[in-house]
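We count ligands from 1, going down the list as the structure has it; atoms in each ligand are counted the same way. Residue numbers count from 1 along this sequence.
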Amino acid sequence: MGLKVWINGSLVDQADAKISVFDHGLLYGDGVFEGIRVYSSKIFELDAHLRRLYESAKVLRLDIGMMQKKLAEETEKTVKANNIIDGYIRLVVTRGVGDLGLNPFLCEKAQIIIIADNIQLYPEELYENGVTVITACTIRNHPLAIPPQVKSLNYLNNILAKIEAIDAGVPEAIMFNHEGFVAEATGDNVFTVRNGIIYTPPIQAGSLEGITRGVVMRIAGEEGIEVVEKNLTRFDLYIAEELFLTGTAAEVVGIVEIDGRQIADGKPGEITKRLSKKFFDYAHGRSK
Ligand code: PMP
């Protein structure tokens, strides 16, 4: 049996969930989205994700046309209708149907889509062995272009960086900003550890303000580990004692090699493993 997709105010069979070829989400990448996890039938950090969605939309002057509370309810409804226990939600808001010109204000109304599906979990070995990454040539947007904090339907910088990773035979690439400072990975935030202190780029360095990033920073604080937001360079990545990524899909995963440089002993570090476990327990509701 296929999924039930929420579109235009109702739940329809996935085969009937269709949008117009005149939708500006398709024609111009004009829209915003969120990727959200469901753990044990509970939506993880829904309010934080919705807040980011509405903030992204505000920057693009995209009127979602639905109150945040109502969108939360419809998202819950979609998860229930599909009996999702451990899964993934994709919330998409496009500018809607317009003409072939750029003018977004000629579009009738925003198109909201909610997809709730089961999740393909990352293999266990990935967490035990860590991942190898490269640094990408493709940079994040200049802050005067689409702000990098906006989770828009235009992911082409990240897609080009992802292609660089695939060409190099690795799962992820770390991207820099226009000043040469570390921003983030193509779909995850980046952290380093040195002398027992955790460092991560400030959001202004061109990263998305990851929900997982925020939770992991809070957990690290509770664990008594100092977290500092600071600009990082390629040098800082190469000489890190530990490196790890955080994201909705990946959760917390260690990096063990970058651009041919091994990190520490080539295994995920102690702090990475500790945070990975704490995050897992928190997400699965086994701790506060
Ligand atoms: N950066 C980018 C570019 C992303 O797409 C994501 C995934 N949404 C992240 C970081 C991690 O953010 P989050 O923890 O909210 O999934």
Side-chain angles (χ1 to χ4, degrees), residues 29 31-39 43-57 59 75 86-93 114-117 119-122 131 133 135-136 138-143 145-165 171-178 181-192 198 200-220 227 229 232 243-255 272 275-276 278-280 282-283:
V32 293
F33 77 103
E34 280 297 321
I36 313 171
R37 283 289 276 270
V38 180
Y39 292 107
I43 304 178
F44 187 64
E45 302 286 328
L46 179 60
D47 288 347
H49 279 283
L50 288 177
R51 182 175 178 185
R52 187 169 69 186
L53 183 83
Y54 279 78
E55 285 177 356
S56 291
V59 175
T75 307
D86 286 300
Y88 181 85
I89 303 163
R90 176 57 59 92
L91 246 170
V92 186
V93 182
I114 312 170
I115 308 167
D117 200 353
I119 193 164
Q120 188 76 44
L121 287 176
Y122 286 22
V131 292
V133 302
T135 55
T138 311
I139 63 167
R140 294 279 293 166
N141 270 343
H142 191 285
I146 313 162
Q149 293 95 323
V150 172
K151 197 165 167 63
S152 83
L153 290 181
N154 192 322
Y155 250 53
L156 288 172
N157 293 318
N158 294 39
I159 288 169
L160 288 180
K162 180 80 176 181
I163 290 172
E164 292 182 49
E172 255 297 4
I174 293 181
M175 303 176 73
F176 297 89
N177 65 21
H178 61 289
F181 293 116
V182 176
E184 62 177 347
T186 67
D188 301 294
N189 291 106
V190 180
F191 291 78
T192 77
I198 297 177
T200 195
I203 295 308
Q204 291 73 18
S207 35
L208 188 77
E209 190 166 2
I211 308 300
T212 321
R213 174 186 185 273
V215 172
V216 167
M217 286 167 81
R218 199 193 71 224
I219 290 174
V227 185
E229 292 182 76
L232 301 169
L243 274 181
F244 63 89
L245 300 171
T246 66
T248 289
E251 301 181 330
V252 180
V253 61
I255 295 171
T272 304
L275 292 177
S276 182
K278 286 274 164 191
F279 180 84
F280 184 93
Y282 172 71

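With sequence neighbours left out, Lys151 forms a side chain to side chain donor-acceptor pair (under 3.5 Å) with Tyr155. Residues passing the salt bridge (charged side-chain N to carboxylate O under 4.0 Å, His left out) test with Arg90: none are found, sequence neighbours excluded. Residues passing the side chain to side chain donor-acceptor pair (under 3.5 Å) test with Asn158 are Arg140, sequence neighbours excluded.
Ion pairing of Glu45 with Arg52 is absent here, as no side-chain N (NZ or NE/NH1/NH2) approaches a carboxylate O to less than 4.0 Å. Salt-bridge formation is detected for the pair Arg37/Glu251: a Lys NZ or Arg NE/NH1/NH2 atom is positioned less than 4.0 Å from an Asp or Glu carboxylate oxygen.
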Please tabulate protein-ligand N/O pairs under 3.5 Å for ligand 1, atom names and distances to 0.1 Å.
residue	atom	partner	partner atom	Å
ligand 1	1 (N)	Glu184	OE1	2.5
ligand 1	5 (O)	Lys151	NZ	3.2
ligand 1	5 (O)	Tyr155	OH	2.5
ligand 1	8 (N)	Lys151	NZ	2.8
ligand 1	14 (O)	Ile211	N	3.3
ligand 1	14 (O)	Thr212	N	2.9
ligand 1	14 (O)	Thr212	OG1	2.5
ligand 1	15 (O)	Arg52	NH1	2.8
ligand 1	15 (O)	Arg52	NH2	3.1
ligand 1	15 (O)	Ile211	N	2.8
ligand 1	16 (O)	Thr248	N	2.9
ligand 1	16 (O)	Thr248	OG1	2.5

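Proximity of Phe279 to Val215: side-chain heavy atoms (C-beta onward) are separated by under 4.5 Å at one or more points.
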